[in-house]
**Q** 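Supplied in structure tokens, the structure appears directly below.
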Amino acid sequence: MSALIFANPAILFGLIALPVIWWLLRLTPPRPKAEVFPPLRILATVLKREETPSKSPWWLTLLRMLLAAAVILAIADPVMNPRANSLNAGGPLVLVVDNGWATAADWERRVQTANLLIDDAESADVPVSITFTADASHEAVPGTAAAARDKLTAANPKPLVPDRARAAQAVREAMNTTRPGTLAILSDGMAAASDNEAMSTFAALSPAEMRLIEGDGHSAVALTDAVNNAAAMSVTATRLSTAAAQQMNVNALDAQGRALASGTLQFAAGAATATAEITSPFELRNDFARLSIDGLATAGAAHLLDDGFKRRRIALLAGESGSDFQPLLQPLYYISRALLPYADVIQPNTADLSVAIPQILQGNPSAIILADVGRLPAETYAPLQRWIAQGGTLIRFAGPRLAAAPADDPLVPVILRQGERALGGAMSWSEPQSLADFPSFGPFAGMPRATDITVTRQVLAEPTPDLAERTWASLSDGTPLVTEKEVEAGRIVLFHTSAEATWSNLPLSGNFVEMLRRLVQLARAGGAASGAAAEGAAATLAPYRLLTADGVLTTETGTARPIAIAANQVPVASFDHPPGLYGTEDGFTAVNLLAPKTVIARFDPTTAGRPLVREGLAGGEAVSLRPALFAAAFALLILDSLVVLFMNGAFSLGSDGRRRPSSAAAAAIAALAFGLFALTPGQSKAQEMAPGAGAKPGDEQILERLDTTHLAYVVTGEREVDSISEQGLEGLSQFLTYRTTLEPGAPVGLDITKDELAFYPIIYWPISATAPMPSQAAISRIDAYMRNGGTVLFDTRDQYSSLGGGGTTPNGERLQAILANIDIPPLEPTPTDHVLTRSFYLLTNFPGRYTGSPLWVEARQEAKNTGAQLSSSGDGVTPLLITGNDFAGAWAVDSQGAPVLPTVPPDEMQREYAYRSGVNIMMYMLTGNYKADQVHVPALLERLGQ
């Protein structure tokens with residue numbers, strides 16, 4: 001039932017003045033209309049009208065009355081469905097706010113609701129205690145309303161299930177003996193395990209009033225489980241609101257967040273759970289990284305997947321290959337058929353185990369299955385044991401060969417008796433045995449016992465104190481059927497019966513497929529790890545990526561602690577271990593919000609045993625009519641103005657027969673347009689949209705660097721060296737402008753510790769032994785610049801001709817010190833057929849101020865050290881050039897264009913060739929291996945058959 005109140009009811013007395021306004025408007029006629037002087041028309045008007053109207057038209061009066069009434073009602077501020085302010089002022093306001101995962105969708109409304117309660121408490125001058133049930137720590141001592149608002153502003157939803165009992169205990173300790181006036185619970189509507197304890201604690205506070213404020217619960221939908229079956233992935237979800245049928249889509253995303261496949265969740269009316277099937281090839285399902293419900297951004301609507309869902313590589317070995325004409329008798333037939341839907345099965349191409357096992361271990365499989373392999377070659381035991389210790393899983397099946405093998409085999413989980421046990425034969429008093437119930441531990445826990453499976457032969461284990469702990473499956477007489485042993489990070493599993501149907505009918509049953517599937521899931525997805533990784537795998541896992549309340553993975557781990565995950569146990573999120581991925585990039589385990597088979601239920605507050613007032617969230621019920629009334633009044637004002645303008649002849653016909661507005665009408669229209677423009681939202685953004693409004697300091701310089709090619713040099717800190725570098729690059733820039741189409745800008749001096757280097761295709765670095773040694777950070781920036789395709793021209797300026805010989809100069813020693821911290825590729829003097837010799841001019845050497853020093857470049861492929869990480873990544877361009885010929889000294893010119901330094905020996909042709917060397921270097925930097933491709937055009941055309 002809707003209600004209507006007025007925020008300012010006294011304003012309604014203004015309605016009494018409406019009759020007076022009506023009377024005044026009726027007595028006030030409109031302004032006389034001005035007529036142009038046509039004498040006859042005036043006479044005709046006089047003859048037709050004997051009296052002037054003394055009252056305005058009734059419809060115009062009614063229009064203005066409606067306008068006045070709308071203004072009065074708008075000022076009175078009518079509100080539909082107002083929120084009742086009935087806060088009990090007999091004690092502090094205790095506000096308990098659920099901020100778990102389900103509140104992320106309507107968090108703003110919950111904050112608005114809490115703010116309204118805090119406003120009521122401030123009006124009643126009572127303190128406020130505010131507590132958030134999904135926070136790890138609580139500060140529930142009552143304080144001022146302003147402090148409560150600050151806490152509310154700083155709060156946010158958490159990807160956790162609320163713990164109301166912990167919050168209730170914190171409130172009880174904070175209130176001490178103080179009795180709350182109003183205790184309001186802003187609930188997410190979902191039941192929690194500790195609700196009875198929490199409500200009992202709240203009831204013990206004896207509040208004068210208790211309120212329960214809930215939302216509609218439509219966004220409380222969560223994914224609880226995902227099973228990667230043979231044909232599809234089965235996804236289970238649960239929801240809170242079960243009244244109506246509901247259909248939702250579940251998307252499977254890869255690590256980059258791209259949707260790879262989808263399924264449909266179909267909730268029936270009254271059903272709290274539903275299952276979706278995501279059908280896609282197993283290879284594609286192997287790339288699934290997470291599942292999410294379309295349209296919901298909560299932690300519950302996201303389900304993380306880890307290595308347990310990835311496809312494994314399983315190697316199969318048998319003691320004998322069997323006969324292709326009798327495939328059902330082959331030892332690996334049933335194993336391969338059972339594993340093919342779940343794993344990549346690999347088999348060696350040779351029967352020689354001394355060759356096959358090393359080949360298999362080189363591929364690092366997740367698991368190796370040995371079917372009736374008794375004795376292994378002696379040299380294979382050590383590598384197999386290392387592989388198992390590093391995380392590999394060895395699965396063995398019994399058979400005649402294993403039964404006859406020595407009892408001291410280190411690759412079996414238990415001590416075996418030699419020979420097999422026959423059940424149900426002519427020489428045996430025992431009957432064939434069926435399977436017993438699977439134990440509550442181990443990977444087969446929860447599987448139903450198959451009554452149709454019988455075992456006629458098995459290998460027996462010697463009784464030991466820990467045999468029962470190592471038994472994952474047994475026969476009805478208690479003898480083991482499947483045993484296991486952990487070996488550091490890996491394990492060994494043994495089926496005490498054969499892999500084909502001669503010893504039992506287990507391989508013919510569906511249980512065999514499920515048992516192998518669960519064993520494969522225990523194996524590492526990426527195979528055995530290295531020694532260090534294997535040790536880390538056995539330890540606790542640190543948080544790697546955590547899930548936010550909005551269902552987004554983030555690298556912020558906050559106060560999350562490492563988690564110790566027990567074998568065959570599904571981890572569940574907690575305050576110390578929020579949902580997310582735990583481990584490293586190489587391997588991680590997913591910790592999801594809810595445990596498998598969780599069903600969301602309604603929160604039942606009646607356990608408190610006290611009367612409770614139920615309310616909804618604010619923001620959807622109370623509706624103010626003030627904006628609508630002001631809008632209606634403004635519309636009536638515009639309509640009234642247009643009517644008055646029309647009645648006053650503002651739109652009368654001119655002498656030429658066209659309708660022209662008068663100056664007064666034009667002014668009125670302009671005023672209305674200005675008013676509309678003033679009320680138009682977004683005009684404040686005009687300043688923001690102005691050109692250049694978002695520019696930052698330095699942007700103009702960056703754009704100029706990108707728009708024009710500049711030659712750059714490293715500032716050494718020595719004024720003379722830096723001056724020659726600047727003058728040299730200026731001289732080369734002028735030469736490039738005169739001789740080529742390239743018009744470089746002014747040379748740029750770079751501080752390699754902070755300036756951006758990526759703007760320049762080449763950087764000239766004059767080496768000086770007396771200059772300060774660059775820092776490691778600066779050298780690392782140069783290294784990164786070269787890795788990204790840039791080139792550095794190192795010039796020792798000393799005719800240095802041997803990189804590794806003795807008798808180096810100080811500048812050469814400084815260069816060696818710099819390059820010692822850079823992973824440079826192998827170098828060689830520029831070959832005669834190198835692209836540098838013909839990129840623009842045809843050159844045989846590269847002189848500068850001096851001549852005789854070769855120009856060192858990256859060695860070509862046949863001379864390249866494959867271990868070097870730095871290579872010519874910039875379209876075949878060498879990442880560094882080294883010379884001792886002092887290029888800048890030969891290029892340097894003064895302001896008049898005259899050379900600054902003489903060449904040694906004095907020779908202007910040497911200077912000319914120095915300039916040509918600079919041109920070739922620049923063209924090589926800008927065009928890469930383009931020239932090399934051009935010289936091979938005839939051969940390429942011939943190869944293409946053109």
Side-chain angles (χ1 to χ4, degrees), residues 227-234 279-288 305 307-322 324 327-349 356-357 359-361 363-373 384 387-388 391-399 402 438 442-444 447 450 453 472-473 481-482 484 490-528 568:
V227 179
N228 208 354
N229 297 316
M233 175 175 283
S234 178
T279 304
S280 63
F282 198 97
E283 291 76 9
L284 186 62
R285 278 181 276 148
N286 199 40
D287 292 333
F288 292 175
L305 306 177
D307 293 346
F309 289 85
K310 292 185 178 180
R311 193 179 184 91
R312 269 70 170 164
R313 293 172 58 237
I314 309 299
L316 305 184
L317 290 172
E320 62 176 355
S321 59
D324 293 337
L328 298 182
L329 298 180
Q330 292 184 3
L332 300 177
Y333 178 81
Y334 296 102
I335 297 176
S336 60
R337 295 302 184 277
L339 291 178
L340 280 175
Y342 306 104
D344 290 329
V345 176
I346 57 176
Q347 298 187 40
N349 53 10
I357 291 178
Q359 290 179 349
I360 289 174
L361 293 179
N364 196 18
S366 299
I368 297 177
I369 297 180
L370 302 180
D372 191 22
V373 177
L384 270 174
W387 172 78
I388 295 171
T393 299
L394 179 65
I395 303 174
R396 303 190 68 174
F397 283 85
L402 183 62
F438 292 104
F444 309 142
M447 288 181 56
I453 295 177
W472 282 352
L481 178 66
V482 180
E484 69 88 27
R491 59 170 45 88
I492 301 174
V493 181
L494 172 64
F495 282 78
H496 290 242
T497 187
S498 64
E500 21 74 30
T502 57
W503 283 26
S504 72
N505 62 350
L506 175 64
L508 304 178
S509 68
N511 283 52
F512 185 72
V513 178
E514 180 63 16
M515 292 169 75
L516 282 181
R517 189 190 71 83
R518 295 195 179 195
L519 288 177
V520 166
Q521 292 300 317
L522 289 179
R524 292 178 179 270
N568 309 317

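In this text, all values refer to a predicted model and were calculated from it rather than measured experimentally.
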**Q** Classify the ring geometry between Phe444 and Trp472 as parallel (under 30°), tilted (30 to 60°) or perpendicular (over 60°).
**A** perpendicular
**Q** Got a second to check how far Asp287's CG is from Arg285's CZ, nearest 0.5 Å?
**A** 11.5 Å
**Q** Using 0.5 Å steps for rounding, measure from the CG atom of Leu332 to the CG atom of Leu317.
**A** 8.0 Å
**Q** So which atom in Trp503 and which in Ser498 form the shortest heavy-atom distance, rounded to 0.1 Å?
**A** CB-OG, 3.2 Å
**Q** With sequence neighbours left out, write down each residue that passes side chain to side chain donor-acceptor pair (under 3.5 Å) with Glu514, or none if nothing qualifies.
**A** Arg517, Arg518
**Q** Hey, does Trp387 have a side-chain heavy atom less than 4.5 Å from the side chain of Ile357?
**A** no
**Q** For Ser280 and Phe288, which heavy atoms make the closest approach, and how far apart are they?
**A** OG-CZ, 3.5 Å
**Q** Atom CG of Leu394 and atom CG of Leu384: how far apart are they, to the nearest 0.5 Å?
**A** 6.5 Å
**Q** Using side chain to side chain contact (heavy atoms under 4.5 Å, CB included) as the criterion, list what pairs up with Ala367, not counting sequence neighbours.
**A** Ile314, Thr393, Ala523
**Q** I'd like to know if the side chain of Asp372 reaches the main chain of Phe397, judged simply by a donor and an acceptor atom lying under 3.5 Å from each other, with no hydrogens or angles considered.
**A** no
**Q** Tell me, please, which residues at least two apart from Ser336 pass side chain to side chain contact (heavy atoms under 4.5 Å, CB included).
**A** Leu316
**Q** Show the nearest heavy-atom pair for residues Arg313 and Gly363, with the distance to one decimal.
**A** NH1-O, 2.6 Å
**Q** Grab the two heavy atoms, one from Ile388 and one from Arg491, that are nearest each other, plus how far apart they are.
**A** CG2-N, 3.9 Å
**Q** Look at the side chain of Arg396 and the backbone N and O of Leu402, then say whether any donor-acceptor pair between them is shorter than 3.5 Å.
**A** no
**Q** Got a second to check how far Leu340's CG is from Ile335's CD1, nearest 0.5 Å?
**A** 11.5 Å
**Q** Which heavy-atom pair separates Phe512 from Leu506 by the least distance, and what is that distance?
**A** CB-O, 3.0 Å
**Q** What's the separation between atom CD in Gln347 and atom CD1 in Ile360, rounded to the nearest 0.5 Å?
**A** 9.0 Å
**Q** Would you mind reporting whether Tyr333 and Pro507 have side-chain heavy atoms less than 4.5 Å apart?
**A** no
**Q** Could you work out, with side chain to side chain contact (heavy atoms under 4.5 Å, CB included) as the rule, every residue matching Val513, not counting sequence neighbours?
**A** Ala338, Tyr342
**Q** What's the spacing between Leu305 CG and Met233 CE if we round to 0.5 Å?
**A** 5.0 Å
